[in-house]
Protein chains: 2
Amino acid sequence: MQKDKAGASRELQLLKEKMISSGYRLTNQRIDIAKWALETHEHFSVDDLLFSFRKKGTKLSTATAYRVMQMLLELGFLIEHDFGKGQKFFEHIIGHPHHEHFICDNCGGVSEFSSGKIDEIKKDISKKYNFHITNHSLCFFGTCDKCKK
Amino acid sequence: MQKDKAGASRELQLLKEKMISSGYRLTNQRIDIAKWALETHEHFSVDDLLFSFRKKGTKLSTATAYRVMQMLLELGFLIEHDFGKGQKFFEHIIGHPHHEHFICDNCGGVSEFSSGKIDEIKKDISKKYNFHITNHSLCFFGTCDKCKK
DNA sequence: TTCATCTTTGGGAATCAATGTCAAGATAAA
DNA sequence: TTTATCTTGACATTGATTCCCAAAGATGAA
C-alpha cells in the first residue's frame, strides 16, 4: 500500500484543529486511524484498516474503526465509495484530486481516472434543479484491458 | 408506483426468448417477478418487491426474489444501483432511457436527471484505457431544493 | 399423456458488514 | 488532582443477502 508520511502530517494538523472545533476529543485511536488513512493513497475498507492494525500489533475494535470512519466522513477528510462488493470503501480527499472509478466485472480490479466533464455536469445540474451538490460518485463497469484478451 | 402494462408485454416476450436461449426455465415466479419489474418505472428494492407480492397475496420467498434479480441483471433487463442506503436498488432498462441520480443527504429523496456528457466521458475513457464499458452509475449527493429552505 | 431427468423453489439457517449497548477507561477543563 | 463528560472495547444485535436441501415444478423423449 502506497504511503506518504510527509504530506500527511500537514493534513493531520488540519484534522486535529477541525476535531477540536467540532467538539471531538483527541484520542490515540482517532489519531492513529487518521494517520493511517491520510497516508494511504488508495481506497480501503474497514477490514483493510483492522487487518493493518492487527498486523502491526495495535489493538483496535471494530466499532471504533467504524466510528472514526464516520467522523472522518463528517469532517470532510474521507469520501465513501460503493463498488458493489458488499463492503464500503474509503479514500481521503485532502490534497488528493478527485477521480472516478472503473470496476472490471471479470477480475474485480478497480482503476482510477478523471475527467473535467464531471464538473460541467455538476454545474449544469445544480443550476437546473437548484441542488447543492457536495459529493459525487461515478463508476463505470465493464471489462478491463487485460481481461479483454 | 407508476405502471405501464402495455409497453411491458413486448419486453416480456423479449425476456422469455432470452431466458430460453440462455437455458433458464420459464417458471411462474420468474415471469411474475419479471412482469412486475418491467411494469415498474422506478427504482425498487427486493423489499419493495416482496412487500408488493405479499400485499396482493402472491407467495414468494426471499431467496427466489434475489435469484430472479440476479437473472434479470445477467440478461440485461435490470440495472443495479447503490444509493448508499445499505440496500440495493433495481431498475429495468429496456425501453427506459438511462438516467443518473441525485440523493439528498438530508431527506433521503432520490431524483433523476440525465446528461449527454456522460456518453462523452464514456467514449473518452474507453478509448484512453481500452476498457469495454457496459454500464455505469453516477450519483450526486448533497442537499435538494426543498431541504435548502 | 406419462415418465425420467434435471432445474427451481421455499423456508430456515448461515453469513457478513455495520450498528447498538454499556461498563470501564481516557480526556478536558477547573 | 478532581470531576464531569466523552470514548473505547467486547459482545450482542440487526438487516440484507446468500446458502442448503428436500419437495415441487419444468422440459423433452417415448
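Reminder, nothing fancy here: chain letters follow the sequence lines and each chain counts from 1. On a predicted model such as this, the values are computed, not experimentally measured, just so you know. Values reported hereafter were calculated over all heavy atoms of this structure, with side chains retained and with hydrogens, waters and symmetry mates removed.
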In short, salt bridge (charged side-chain N to carboxylate O under 4.0 Å, His left out) pairs touching residues 81-104 of chain B with sequence neighbours left out are B:Glu80-B:Lys88

Hits for side-chain contact (heavy atoms from CB on, under 4.5 Å) against B:Tyr129, two or more places apart or cross-chain, chain-then-number order -> A:Phe113, B:Ile125, B:Phe131

Would you mind writing out the side-chain donor-acceptor pairs for residues 141-149 of chain A within the sub-3.5 Å range, not counting sequence neighbours?
residue: A:Asp145; atom: OD1; partner: B:Asn130; partner atom: ND2; Å: 2.4
residue: A:Lys148; atom: NZ; partner: B:Asn130; partner atom: O; Å: 3.4
residue: A:Lys148; atom: NZ; partner: B:Asn130; partner atom: OD1; Å: 2.7

Per nearest nucleotide of DNA chain D, the residue lying toward the 5' end, B:Lys88 or B:Tyr24, is B:Lys88

Atom pairs and distances, side-chain donor-acceptor, residues 14-27 of chain A, under 3.5 Å, sequence neighbours left out:
residue: A:Lys18; atom: NZ; partner: A:Leu75; partner atom: O; Å: 3.2
residue: A:Ser21; atom: OG; partner: A:Glu17; partner atom: O; Å: 3.3
residue: A:Ser21; atom: OG; partner: A:Lys18; partner atom: O; Å: 3.2
residue: A:Ser22; atom: OG; partner: A:Lys18; partner atom: O; Å: 2.8
residue: A:Tyr24; atom: OH; partner: A:Glu74; partner atom: OE1; Å: 3.0
residue: A:Tyr24; atom: OH; partner: A:Glu74; partner atom: OE2; Å: 3.2
residue: A:Thr27; atom: OG1; partner: A:Arg30; partner atom: N; Å: 3.2

For B:Ile93, the other hydrophobic cluster members (4.5 Å side-chain criterion, sorted by chain and number) are B:Ile79

For A:Lys56, the side-chain contact (heavy atoms from CB on, under 4.5 Å) test, sequence neighbours excluded, returns A:Trp36, A:Phe53, A:Thr58

Outermost contacting nts on DNA chain C, any atom under 4.0 Å from chain A heavy atoms, listed 5' then 3', are C:dA17 to C:dA28

5'-most to 3'-most nt of DNA chain D touching chain B (<4.0 Å, heavy-atom partner on protein side) reads D:dA16 to D:dT27

Between B:Lys59 and B:Arg30, whichever has its closest DNA chain C nucleotide further toward 5' is B:Arg30

Taken in chain and number order and not counting sequence neighbours, the residues that satisfy side chain to side chain donor-acceptor pair (under 3.5 Å) with B:Asp124 are A:Lys117

Judged by nearest nucleotide, the residue sitting upstream toward the 5' end of DNA chain D, B:Thr27 or B:Gly86, is B:Gly86

Sorted by chain and number, sequence neighbours left out, side chain to side chain donor-acceptor pair (under 3.5 Å) with B:Ser61 holds for B:Thr64

Residues passing the side chain to side chain donor-acceptor pair (under 3.5 Å) test with B:His132, sequence neighbours excluded, are none

- prompt: Is there side-chain contact between B:His92 and B:Phe77, with heavy atoms separated by less than 4.5 Å?
  reply: no

So, with a heavy-atom separation below 4.0 Å from DNA chain C, the residues of residues 63-82 of chain B are B:Ala63, B:Thr64, B:Arg67

